[in-house]
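Structure first, then comments.
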Amino acid sequence: MTALCAARLDAGAAGDDIPLLRADGVTKWYGARLGCAGVTFDLYPGEVLGVVGESGSGKSTLLGVLSGRMPPDAGGVHYRMGGGADLTDIHALPEGRRRLLMRTDWGVVHQNPRDGLRMGVSAGANIGERPMAVGARHYGTLRGQAGDWLSRVEIDADRIDDRPSGFSGGMQQRLQIARVLVNGPRLVFMDEPTGGLDVSVQARLLDLLRDLVARLGLAAVIVTHDLAVARLLAHRLMVMKDGRAVEQGLTDQVLDDPRHPYTQLLVSSVLQA
Amino acid sequence: MIPTDDTADTGAAPESGYTFGYLDEQTKRMIRRAILKAVAVPGYQVPFAGREMPLPYGWGTGGIQVTASIIGPDDVLKVIDQGADDTTNAVSIRRFFRRVTGVATTERTAEATLIQTRHRVPETPLGPGQILVYQVPIPEPLRMMEPRETETRRMHALADYGVMHVTLYEDIAQHGRIATAYNYPVTANGRYVMSPSPIPKFDNPKMHDAPFLQLFGAGREKRIYAVPPHTSVVSLDFEDHPFQVQSWERICDLCGADDSYLDEVIADDEGSRLFVCSDSDHCAGRRAAGYRGPRADSQAGVALTDAMAAVKREHERDRPAPPSSEEMGP
């Protein structure tokens, strides 16, 4: 019994019951218009949170604030840095530290791969950029790492010196994911990672993402308007409407037993193939 | 070097109607302030209110403004373009300064106190009493990777220089080695990544821990930066692809130098090609000292030497004459 308690305490020390990211009443106004208001949640290590809602419901705004790219007007975003147990307000960090954080512990996958990739340099250089930004200075190692990650996202190794502008949309998106994951982040933000891709490519990408997230033990916040994507990837779901989180819960629970009228509408308006 | 009162009017008599050094006193003062700041923060690009100069952007307006601000009546000026004293741009700028300051000019690196250069650092090592002024077309080393000025300034402020290595990585991936041959990025004083101006990377090592002051002026972009004497200037590289300068399998065809930067030139109408020192003063000095290159006596070699001598004669004929009303430049 005592041993069991000790084991549990150990698990606590490892930090799995301390949230990795805490959003506390996040509010963002665009002038007189509301971006999002009072969004509060905890994200634990290894957990995937899906954020669903219609266009204009504040999903991307929320993601922008969470990932430190936009300052909130009220509330705060706190992140557990390194191995410590303390939560740090990421918007209070100096910009240099925040940039470093975004290159090491965090990753952002954009809806449009052009926003996340350097289109003018090769795939290998795209993957190598984050390691180089934090001090990797060995070409051979960088090259090996790039080849490894290309194969992990199912891109042929002989495309390593090709520019992403010659890649298909699906390949660009996979390259973007490789570029973000190469530094071994703990937390990834994804904005509609499968938007704009056809269904078969989407399915492969989802497979890949699910596999990577599970294997690497990543925590992730995934913004999507596609409930199927949310069902497949997310452990927990948050439904947004007009800038507010109207419902939160386990994914299956929210989708199978929606409580809020808007969630009910959302679930019932999915076309059955 | 910097005169306290610029009404100085020496025996050589600059053309009347011009302030000493062409720029008005307030402008020189403003540029000197920018230079002092640049010297205090090596590699940092100091904005300055660049003036219109009587020649187009890209012809050395930045370097001329820096030179005009620091030149004094006792200075001896040398101007080089691509290493040579006898090229159009060098001749025009030298003539310009002779006209507006009346200072002595020279082609001999060792005699000059102030050297304005485009594209080269002289082969003859410079000493503590000398100042090298570079003409810079694009002062921002990050520009190729990041077009936004607001963003590049922020990257400098945060020392966020990962993208510089992306360009070098790309070079190795495409060419198997770092193929960047000029304008090779450096880190000044361990802090700011700096563009050394389009000098060949052959000259980069000469900037490191140099005993002389180096000033960089960019006229179009209106930036001044500097490397004070004895400051570290380190070229960026990878651990397994270290920085290397160019080397040639040949020696200078005229003077036989095996340690200078060589230009390939077409010497006559038959299309004969020669490899000769790009630093014309270095080459002429060696030839005067009796060194002979393998093709110095060939028809092409003689033709080239004659051509250079003719330009030099013209220059000397031009020197003692009082400034005429003819327009400068090409």
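Throughout, a chain's letter reflects where its sequence line sits, starting with A, and its residues are numbered from 1. For clarity, every value in this text was computed on a predicted model and none was experimentally measured.
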Okay, A/R130 and chain B: the region with an atom under 4.5 Å from a heavy atom over there is neither

Around atom CD1 of B/I138, are there more than 12 heavy atoms of other residues, nucleotides or ligands at under 6.0 Å?
no

Is the CZ atom of A/R137 crowded by more than 12 outside heavy atoms at less than 6.0 Å?
yes

Looking at B/Y182, I want to see if its OH is surrounded by more than 12 non-hydrogen atoms of other residues, nucleotides or ligands under 6.0 Å.
no

Relative to chain A, which of B/H241, B/M164, B/M145, B/E170 shows the most heavy atom pairs under 4.5 Å?
B/E170

Evaluation steps, side-chain contact (heavy atoms from CB on, under 4.5 Å), between B/Q174 and A/V121:
CA-CA 10 Å; B/Q174 306 290 342; A/V121 299; over 6 Å; no

Minimum heavy-atom distance between A/A125 and B/V166, given as atom pair plus value
CB-CG1, 3.9 Å

Working for side-chain contact (heavy atoms from CB on, under 4.5 Å), residues B/F238 and A/M132
CA-CA 10 Å; B/F238 284 104; A/M132 285 188 265; 3.8 Å; yes

I'd like to know which of A/R103, A/R99, A/R118 tops the heavy-atom pair count under 4.5 Å against chain B.
A/R99

Rounded to the nearest 0.5 Å, the CD atom of A/E95 sits from the CG atom of B/L158 at a distance of 5.0 Å

Heavy-atom count check: over 12 atoms from other residues, nucleotides or ligands less than 6.0 Å from B/R33 CZ?
no

Looking only at heavy atoms, the pair that brings B/D240 and A/Y139 closest together is OD1-N, 2.7 Å

Step through the shown structure and confirm whether more than 12 heavy atoms of other residues, nucleotides or ligands are within 6.0 Å of CZ on A/R97.
no

Flag if over 12 foreign heavy atoms under 6.0 Å of CD, B/E151:
yes

Under a 4.5 Å heavy-atom cut-off, does chain A meet the side chain of B/H165, its backbone, both or neither?
both

Between B/M144 and chain A, which part of the residue has a heavy atom less than 4.5 Å away: side chain, backbone, both or neither?
neither

Within a reach of under 6.0 Å around CZ of B/R143, are more than 12 heavy atoms found that belong to other residues, nucleotides or ligands?
yes

Rounded to the nearest 0.5 Å, what separates atom CD in B/E239 from atom NE2 in A/H138?
6.0 Å

Pick from A/P94, A/G124, A/G140, A/G96 with the largest number of heavy-atom pairs that fall under 4.5 Å of chain B:
A/G124

Give, as side chain, backbone, both or neither, the part of B/Y169 having an atom under 4.5 angstrom from any heavy atom of chain A.
both

For A/D161, the side-chain hydrogen bond (donor to acceptor under 3.5 Å, both in side chains) test, sequence neighbours excluded, returns A/R143

